[in-house]
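Just follow the structure's listing: the first ligand is 1, and inside any ligand the first atom is 1. Counting from 1, the numbers follow the sequence of the chain as shown.
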Amino acid sequence: MKLLSAVVPCYNEEGNVTDFYMEFMKNESFFRQKEIELELWYIDDGSKDKTSEEVKKLIQEDGRVHLLSFSRNFGKEAAIYAGLEKANGDYIVFLDADLQDPPAILPEMYGYLEQGYDSVATRRVTRKGEPVIRSLFARLFYRIMKKISDTEIVDGARDYRLMTRQVAEALLSLKEYNRFSKGMFGWVGYRTKWLEYDNIERKKGETKWSFWKLFTYSLEGITSFSTAPLAFAAFMGVFFCLAAFALIIFTIVRKALFGDPTSGWPSLVCIISLVSGVQLFCLGIVGQYLAKTYMEVKNRPIYLVKEEI
Ligand code: UDP
Ligand code: MG
């Protein structure tokens, strides 16, 4: 018998835990035919509601369900990492608790592993039911990433992925503290099959991603998988040096030819403001990378466990 582990990050998902279990276990007979057993890891990412209690109820009824709760909210990326560490399966799949990642397509996904793919990933092709401004920024983010990063980051990619043990081990070998899964999947490579589906709206509860959280997450993605902003900072430095040089020559020549007194402090103020603005901006970029490096160097654990059942 082989084993398939499902990793489900949960943050305040009390209303979804049981529904998810029901939906997921509908695949039981399919996988039994294939001689594959199922196990389910709920990763409670420091929920403030009754998520853990709901999972414990399930554990009493079904020994294949497991719970790992964090000491506080560490974020979905940490939950995914914890799940990878805990899962024992020959195959591992990540799913959201809110049923936005339909467990019903798991058999289809498994079919591709049988065909020799190492991982099966999903992307949504529509963003139906999402605020317009959010979709707009998301599109912009993926477009920028495509330009500035060598690692492929697919637009609309979800974290819903089925993979073999080998791929899971590869992901585990990336020990970085600043985790950006969408990029890490691309970075480890392996033969990946992409499945597409329309956006499915969340069943119960509400999204944990505010616009601001998404925005900082996108900055995380950029700094984790590209150093292009640093190159941009250096480019701005060179550009303004050249401009200043041209201005100096212009001023000297004008003085020599026409004897103009150097005039115009308004233009001076403009130039100083512009240049110091650019300087601070570039310093900020450098600071972002320094901060990331600082967090990595501290080498803190990615998550802390409160309870494991
Ligand atoms: N999640 C988590 N920790 C967090 C935020 C979210 O474990 O800090 C989980 C959440 O419970 C859900 C999944 O990650 O199972 C996706 O979150 P959500 O549905 O809020 O995001 P969206 O689908 O809106 O992108
Ligand atoms: Mg969701």
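- Contact annotation: Asp96 places no N, O or S atom under 2.8 Å from the Mg ion (ligand 2).
- The option from Arg134, Gln100, Arg158 that lies nearest to atom 23 (O) of ligand 1, judged by heavy atoms, is Gln100.
- For the pair Glu220 and Lys292, the minimum side-chain heavy-atom distance is below 4.5 Å.
- Taking a cut-off of under 4.0 Å to the non-hydrogen atoms of Cys10, the atoms of ligand 1 that pass are 7 (O), 11 (O).
- Taking the side chain as every heavy atom from C-beta outward, Thr51 and Tyr11 never approach each other to under 4.5 Å.
- Shown in contact with Lys213 at under 4.0 Å from a heavy atom are these atoms of ligand 1, numbered in order with element: 8 (O).
- Phe31 contributes atom CZ, which lies 11.0 Å from atom CD of Gln33 (distance to the nearest 0.5 angstrom).
- In this structure, Glu61 and Tyr21 have side chains that are not in contact, with every pair of non-hydrogen atoms separated by 4.5 Å or more.
- Nearest protein heavy-atom neighbour of atom 17 (O) of ligand 1: Trp209 NE1, 3.8 Å.
- If you check which protein heavy atom lies closest to atom 5 (C) of ligand 1, you get Lys208 CB, 3.6 Å.
- Note: Tyr42 and Phe20 have perpendicular aromatic rings, judged against thresholds of 30 and 60 degrees for the angle between ring planes.
- Contact atoms of ligand 1 toward Asp96: 13 (C), 15 (O), 16 (C), 23 (O) (distance under 4.0 Å to a heavy atom of the residue).
- Of the protein's heavy atoms, Asp98 OD2, 2.6 Å lies nearest to atom 19 (O) of ligand 1.
- Summarising the local packing, NZ of Lys56 is surrounded by more than 12 heavy atoms from other residues, nucleotides or ligands at distances under 6.0 Å.
- Side-chain contact between Arg64 and Glu28 is present, with at least one heavy-atom pair separated by less than 4.5 Å.
- Atom 1 (N) of ligand 1 has Tyr11 CB, 3.8 Å as its closest protein atom, hydrogens excluded (heavy atom only).
- Contact annotation: for Pro9 versus ligand 1, heavy atoms closer than 4.0 Å belong to both the backbone and the side chain.
- Nearest protein neighbour of atom 12 (C) of ligand 1, counting heavy atoms only, is Glu13 OE2, 3.3 Å.
- Here's the thing with Ala97: one of its N/O atoms is less than 3.5 angstrom from an N/O atom of ligand 1.
- Of the heavy atoms in Ile43, none comes closer than 4.0 Å to ligand 1.
- The distance from ligand 1 to the heavy atoms of Gly75 drops below 4.0 Å at these ligand atoms: 3 (N), 8 (O).
- Looking at Leu247 and Ile271, their side chains come closer than 4.5 Å, going by heavy atoms from C-beta outward.
- Residue Asp45 touches ligand 1 through its side chain alone, judged by heavy-atom distances below 4.0 Å.
- Taking the side chain as every heavy atom from C-beta outward, Leu4 and Leu162 approach each other to under 4.5 Å.
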message: Please evaluate residues Trp194 and Glu196 with respect to the criterion side-chain hydrogen bond (donor to acceptor under 3.5 Å, both in side chains), reporting the C-alpha separation (whole Å), side-chain torsions for both, the decisive distance (0.1 Å), and the verdict.
response: CA-CA 7 Å; Trp194 285 94; Glu196 299 184 342; over 6 Å; no
query: Would Ser181 and Asp159 count as a side-chain hydrogen bond (donor to acceptor under 3.5 Å, both in side chains) if you check the C-alpha gap in whole Å, the side-chain angles of each, and the deciding distance to 0.1 Å?
result: CA-CA 8 Å; Ser181 282; Asp159 292 329; 5.0 Å; no
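- Taking Ile, Leu, Val, Met, Phe, Trp and Tyr as hydrophobic and joining them when side-chain heavy atoms fall under 4.5 Å apart, one finds Ile248 in a cluster with Ile252.
- Nearest protein neighbour of atom 8 (O) of ligand 1, counting heavy atoms only, is Asn73 ND2, 3.1 Å.
- The shortest contact between atom 24 (O) of ligand 1 and any protein heavy atom is with Thr207 OG1, 2.6 Å.
- When hydrogens are left out, the protein atom nearest atom 14 (O) of ligand 1 is Lys76 CD, 3.3 Å; that is the closest non-hydrogen contact.
- With the Mg ion (ligand 2) at the apex, Asp98 OD2 and Gln100 OE1 define an angle of roughly 100° (rounded to 10 degrees).
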